[in-house]
Amino acid sequence: LAKTTQPISMDSYEGQEVNITCSHNNIATNDYITWYQQFPSQGPRFIIQGYKTKVTNEVASLFIPADRKSSTLSLPRVSLSDTAVYYCLVGPGNTPLVFGKGTRLSVIA
Amino acid sequence: DGGITQSPKYLFRKEGQNVTLSCEQNLNHDAMYWYRQDPGQGLRLIYYSQIVNDFQKGDIAEGYSVSREKKESFPLTVTSAQKNPTAFYLCASRNHETEAFFGQGTRLTVV
């Protein structure tokens, strides 16, 4: 499974756009890129998934360059409630999800 | 409502005892997973099952056991052989290439 690298932590002010980049240099052809969000003492929650180019849903956008060796999760206009840990996962759809340590995002008023 | 349910939410165990954590899903998912999370850390895979009556060890299976007799249920037993069982345990389920759904977790404390 592809190894992922993300920043350990990030800080942002409310109302700003936050971009969290994940590196996955050895991504395989059949791997998808998926992001999850986790609040303290809760299970992770799916945010977005993509294979290439750009994916957008009601909460986030995912940008994937042509070489797919990295991806960027973009959260528009964050609020205090977006304070959480964000995990980037890379793998095919039929294997267990492998979580790293994630990125701890702190949103400041 | 469809979802995945873990019980109990909090569990206390005396040293030397086995305890079983429940995980039930009504999402008709084939695959189910158990993870352990320690404070400030990511999730580590304990066991997973891709189909009924079959399961595989994850990265930290020692001291744990599971069964998958029904599609809906994937209980995890923390045995006395697990030397440091105090942790937050998370169960998840999904079908291939779809998002995973997680339960709310069970916080196990050894007293």
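So you know, we letter chains A, B, ... as the sequences are listed, proteins then strands, and number each from 1.
- In the hydrophobic clustering of ILVMFWY residues, with side-chain heavy atoms under 4.5 Å counting as a link, Val110(B) and Tyr89(B) come out apart.
- Considering CD of Gln50(B) and OG1 of Thr95(A), their distance stands at 8.0 Å, rounded to 0.5 Å.
- Phe99(A) and Phe46(A) fall within a single hydrophobic cluster, where Ile, Leu, Val, Met, Phe, Trp and Tyr side chains are chained together by heavy-atom contacts under 4.5 Å.
- Residue Leu90(B) touches chain A through its side chain alone, counting heavy-atom pairs closer than 4.5 Å.
- Looking at Arg45(A), neither its backbone nor its side chain comes within 4.5 Å of chain B, counting heavy atoms on both sides.
- By the ring pair (Phe, Tyr, Trp, His ring centres under 6.0 Å) test, Phe88(B) is found to be paired with no residue, residues two or more places apart in sequence or in another chain being considered.
- Under a 3.5 Å cut-off, the side chain of Tyr36(A) and the backbone N or O of Ala100(B) do form a donor-acceptor pair.
- The nearest pair of heavy atoms linking Gln41(B) to Tyr87(A) is O-OH, 3.9 Å.
- Residue Ile46(B) is grouped with residue Leu11(B) when hydrophobic side chains (ILVMFWY) are merged at heavy-atom distances under 4.5 angstrom, including chains of intermediate members.
- Note: Arg94(B) leads Gln104(B), Arg94(B), Gln37(B), Gln56(B) in heavy-atom pairs under 4.5 Å with chain A.
- Taking hydrophobic clusters as Ile, Leu, Val, Met, Phe, Trp and Tyr residues chained together by side-chain heavy-atom distances below 4.5 Å, Phe74(B) does not share a cluster with Val52(B).
- Heavy-atom contacts from other residues, nucleotides or ligands closer than 6.0 Å to CZ of Arg104(A) number 12 or fewer.
- Contacts from residues 48-84 of chain A to chain B, taken as heavy-atom pairs separated by less than 4.5 Å, involve Gln49(A) in sequence order.
- Under a hydrophobic-cluster definition in which Ile, Leu, Val, Met, Phe, Trp and Tyr are linked whenever side-chain heavy atoms come within less than 4.5 Å, directly or via other members, Met10(A) and Ile47(A) are assigned to the same cluster.
- When the shell of 6.0 Å around CD1 of Ile108(A) is examined, it contains more than 12 heavy atoms from other residues, nucleotides or ligands.
- Rounded to the nearest 0.5 Å, atoms CD (Gln38(A)) and CZ (Phe102(B)) are 8.0 Å apart.
- Using a distance-only test at 3.5 Å, with no hydrogens or angles considered, a donor-acceptor pair links the side chain of Tyr35(B) to the main chain of Leu97(A).
- Around the CD atom of Glu62(B), the shell of radius 6.0 Å holds no more than 12 heavy atoms that belong to other residues, nucleotides or ligands.
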